[in-house]
**Student:** 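Quick one: this structure, given as structure tokens, is what I'll be asking you about.
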Amino acid sequence: MLSRKAESSEGILIRAFRRAARSAFLWPEQAADLAASGRPLTELHGVGPFIAEQLRAWIEKPPFDEMKPPPLRRDFLTRADARAILVKNPEWSERLRGDLQMHTQWSDGSASILEMAQAAKERGYEYIAITDHSKGLKIAGGIDEKALARQALEIAEANAAMRQHGVTVLRSIEMNLNPRGEGDMDRKSLARLDFVLGGFHSALRTKEDQTERYLAALRNPDVQILGHPRGRVYNYRIGLKADWTRVFAEAARLDKAVEIDSYPDRQDLNLSLLKVARKAGVRISLGTDSHHAHQLDFIELGLAAALKARIPADRIVNFMDLAALKLWVRKLRRRPA
Ligand SMILES: [Zn+2]
């Protein structure tokens with residue numbers, strides 16, 4: 001509703017509503033619940049008196065005919081939604097061992113590797129994977145093979161410091177894939193990583209069916225996890241089209257994983273595709289795509305989506321302990337292409 005209001009507003013109100021819409025993803029409670037308990041809506045981040053008044057009007061008299069979001073904004077959870085889903089099944093969140101996508105100062109993130117590891121420790125994680133961008137994605141400060149080798153030293157230092165806390169920092173990369181599913185890094189340097197997350201960052205607005213692109217990416221022997229598969233972004237880009245039944249069936253056949261990128265305005269895979277993924281029996285990896293240490297919180301969105309889609313626990317990569325995770329990757333690397 002806030003996004004829609006931004007579209008019909010003028011002047012500074014456009015930004016005010018747009019900003020409130022983005023903040024609304026992370027409100028810890030539903031605005032309606034807050035209002036019902038008599039608390040001021042201005043407690044919510046990004047809500048001043050003016051926005052609060054608008055929210056109150058919607059709560060009092062919901063404009064039902066305007067409430068269905070357009071495709072660009074459909075099938076996104078808010079943090080409040082996620083918490084409502086997760087609270088009904090606390091064992092689900094307790095199974096989580098770690099987070100498999102995050103960025104650091106090595107590419108476009110704001111924290112050091114050690115800071116990310118410390119945040120992981122606070123969350124009780126067993127492991128995290130550092131997935132800075134690869135060299136082809138210059139706009140995001142992508143790193144080359146030499147930088148990746150230097151990063152290994154910093155990861156080793158972080159691991160030495162974190163060992164007493166039981167947190168392991170895994171070496172990975174978000175490797176940029178071209179539309180033919182090919183990566184941009186030397187295979188030998190990829191083989192030294194704990195696993196490789198592949199992701200598309202180009203030609204994401206094409207309207208044609210992209211099934212072949214996905215099949216090629218999954219068959220790329222260097223890639224174990226396909227990150228943010230659709231490439232959608234809230235209110236900005238709808239994402240790619242494909243025959244998802246075929247894509248997930250191939251991922252399942254190859255025993256590779258597809259990701260739920262839990263960044264609020266990505267949420268990619270989304271709920272409706274996760275239901276297709278469940279039927280294929282494909283492995284699901286959860287990553288926050290964090291660019292700041294506090295963003296590790298976003299994992300709630302991915303956990304809730306997987307739970308709501310009824311993905312079996314044994315299909316979630318991050319529910320494996322470290323030894324099982326490593327064994328899975330080792331087996332994939334030994335498989336003939
Ligand atoms: Zn990416």
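Both counts, for ligands and for their atoms, begin at 1 and track the order of listing.
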**Student:** Taking just the N, O or S atoms of Glu174, which one is nearest to the Zn ion (ligand 1)?
**Tutor:**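 In Glu174, the N, O or S atom with the shortest distance to the Zn ion (ligand 1) is OE2.
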**Student:** Would you call the rings of His291 and His133 parallel, tilted or perpendicular if under 30° counts as parallel and over 60° as perpendicular?
**Tutor:**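 Geometry flag for His133 against His291: tilted rings.
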**Student:** Should the pair Arg213 and Phe200 be classed as cation-pi, given the thresholds of under 6.0 Å to the six-membered ring centre and 45° from the axis?
**Tutor:**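 Because its charged atom sits under 6.0 Å from the ring centre and within 45° of the axis, Arg213 does stack over Phe200.
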**Student:** Work out the angle at the Zn ion (ligand 1) between NE2 of His201 and NE2 of His228, rounded to 10°.
**Tutor:**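 Between NE2 of His201 and NE2 of His228, the angle at the Zn ion (ligand 1) is about 100°.
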**Student:** Scan Arg180, Arg246, Arg219 and name whichever one has a salt bridge (Lys or Arg N to Asp or Glu O under 4.0 Å) with Glu212.
**Tutor:** Arg246
**Student:** Under 6.0 Å from the CD atom of Glu7, do we count more than 12 heavy atoms belonging to anything else shown?
**Tutor:**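 Counting neighbours around CD of Glu7, more than 12 heavy atoms of other residues, nucleotides or ligands fall under 6.0 Å, so yes.
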**Student:** Report whether any nitrogen, oxygen or sulfur of His133 sits less than 2.8 Å from the Zn ion (ligand 1) (N, O or S, backbone or side chain).
**Tutor:** no
